[in-house]
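Here is the structure we will look at, set down as structure tokens.
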Amino acid sequence: YAPYDVKNLHKLRIAAKRLRYAIELFTVCWGKQIEPFAKEIAKIQTFLGEIHDSDIWTESLRGRLQKNDAEHQANLRLLSEFVNERTKNYCGALKLWSKWQTENFIENLRELIASRQNPS
């Protein structure tokens, strides 16, 4: 819930990426039941990746805007577009995260993994 915590949003993206790949790697162990979890994690990974890309571009444009040159208006327009895209993707990630909380996504994933570790 910190939309401008660039560093931690990027760390979250990396963690999501690792979790997704681990789930995909171990699908053979947990079966097809776990595939929807990987697909959901891929969605948030995409949102967070787009946020990160926007953050990189925004930082680059900030430096360019320090100069008041012929490209100033074009850089302002680009900055506006990246800020809008970032906001759209952050809202998408937040909405997905809220859905996960409502649907107990993490708990359901943990239960599925635990059920395969301790078969009845």
Side-chain angles (χ1 to χ4, degrees):
Y1 303 112
Y4 297 103
D5 188 349
V6 173
K7 190 175 191 176
N8 281 321
L9 285 170
H10 182 59
K11 285 181 180 181
L12 183 58
R13 176 184 156 263
I14 299 301
K17 181 181 190 179
R18 290 177 179 159
L19 178 59
R20 174 185 162 207
Y21 294 161
I23 289 172
E24 288 173 348
L25 180 65
F26 289 101
T27 298
V28 71
C29 301
W30 287 300
K32 298 264 185 208
Q33 292 175 304
I34 205 160
E35 286 179 357
F37 291 96
K39 289 179 181 175
E40 280 292 301
I41 293 166
K43 290 177 189 176
I44 206 153
Q45 182 185 345
T46 299
F47 285 131
L48 294 169
E50 293 294 328
I51 291 168
H52 180 69
D53 290 349
S54 294
D55 288 338
I56 297 297
W57 277 105
T58 299
E59 184 63 28
S60 173
L61 288 166
R62 190 177 76 160
R64 293 177 189 182
L65 284 167
Q66 301 301 320
K67 308 173 203 167
N68 197 1
D69 58 12
E71 297 174 356
H72 190 76
Q73 288 301 315
N75 287 329
L76 276 175
R77 200 169 309 118
L78 281 172
L79 179 63
S80 177
E81 288 300 316
F82 282 112
V83 169
N84 286 335
E85 276 298 305
R86 186 189 194 284
T87 300
K88 182 181 82 174
N89 283 294
Y90 182 81
C91 288
L94 197 57
K95 184 178 178 181
L96 183 58
W97 186 261
S98 178
K99 176 183 165 225
W100 286 4
Q101 288 181 318
T102 302
E103 296 175 358
N104 298 315
F105 179 80
I106 301 299
E107 291 80 10
N108 293 337
L109 176 58
R110 285 183 178 140
E111 286 175 16
L112 179 60
I113 291 169
S115 72
R116 295 296 181 150
Q117 291 175 342
N118 304 312
S120 305

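Keep in mind that this is a model prediction, so the values were computed, not measured.
The shortest non-hydrogen separation linking Lys67 to His72 is O-ND1, 3.4 Å. The two residues Ser54 and Glu85 come nearest to each other via the heavy atoms OG-CB, 4.1 Å. Shown here for Glu40 and Lys43, the closest heavy-atom pair between the two residues is OE2-NZ, 2.7 Å. Heavy atoms only, all atoms of each residue included: Glu24 and Ala38 are closest at CG-CB, 3.9 Å. The two residues Ala16 and Ile44 have their closest heavy-atom pair at CB-CG2, 4.2 Å.
Both Ile23 and Leu48 are members of a single hydrophobic cluster when ILVMFWY side chains are connected at heavy-atom separations under 4.5 Å. Criterion: ILVMFWY side-chain heavy atoms under 4.5 Å apart, direct or through other members. Under it, Ile51 and Leu78 are not part of a common hydrophobic cluster. Clustering ILVMFWY residues whenever any of their side-chain heavy atoms sit less than 4.5 angstrom apart, transitively, puts Trp57 in a cluster other than the one holding Tyr4. Connection of Ile14 to Ile41 is not established within any shared hydrophobic cluster, with ILVMFWY side chains joined at heavy-atom distances below 4.5 Å, either directly or through further cluster members. Cluster membership check: Phe37 shares its hydrophobic cluster with Leu19, using side-chain heavy-atom separations under 4.5 Å among Ile, Leu, Val, Met, Phe, Trp and Tyr.
Under the 3.5 Å distance criterion, the side-chain polar atoms of Ser80 are left unmatched by any main-chain donor or acceptor of Leu76. In this structure, the side chain of Ser98 does not engage the main chain of Leu94 through any donor-acceptor pair within 3.5 Å. The backbone N or O of Glu107 lies less than 3.5 Å from no partner atom in the side chain of Asn104, so there is not a single donor-acceptor pair. Put simply, the side chain of Arg62 never gets that close to the backbone of Leu79: no donor and acceptor are under 3.5 Å apart.
Distance CG/Leu65 to CD/Gln73: 9.5 Å, rounded to 0.5 Å.
The number of heavy-atom neighbours closer than 6.0 Å to OH of Tyr21, taken from other residues, nucleotides and ligands shown, is above 12.
Under the 4.0 Å criterion applied to side-chain N and carboxylate O atoms, Arg77 and Glu81 are not assigned as salt-bridge partners.
Between Arg110 and Ile106 the shortest side-chain heavy-atom distance falls below 4.5 Å.
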Exercise for review: Might you work through the side chain to side chain contact (heavy atoms under 4.5 Å, CB included) test for Arg86 and Thr58, ending with a clear yes or no?
Suggested key: CA-CA 10 Å; Arg86 186 189 194 284; Thr58 299; 5.6 Å; no

Check your understanding: Can you list the steps and then say if Arg13 with Leu9 is a side chain to side chain contact (heavy atoms under 4.5 Å, CB included)?
Key -> CA-CA 6 Å; Arg13 176 184 156 263; Leu9 285 170; over 6 Å; no

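Between Phe105 and Trp100, the ring planes lie parallel to each other; the angle is under 30°, not in the 30° to 60° tilted range.
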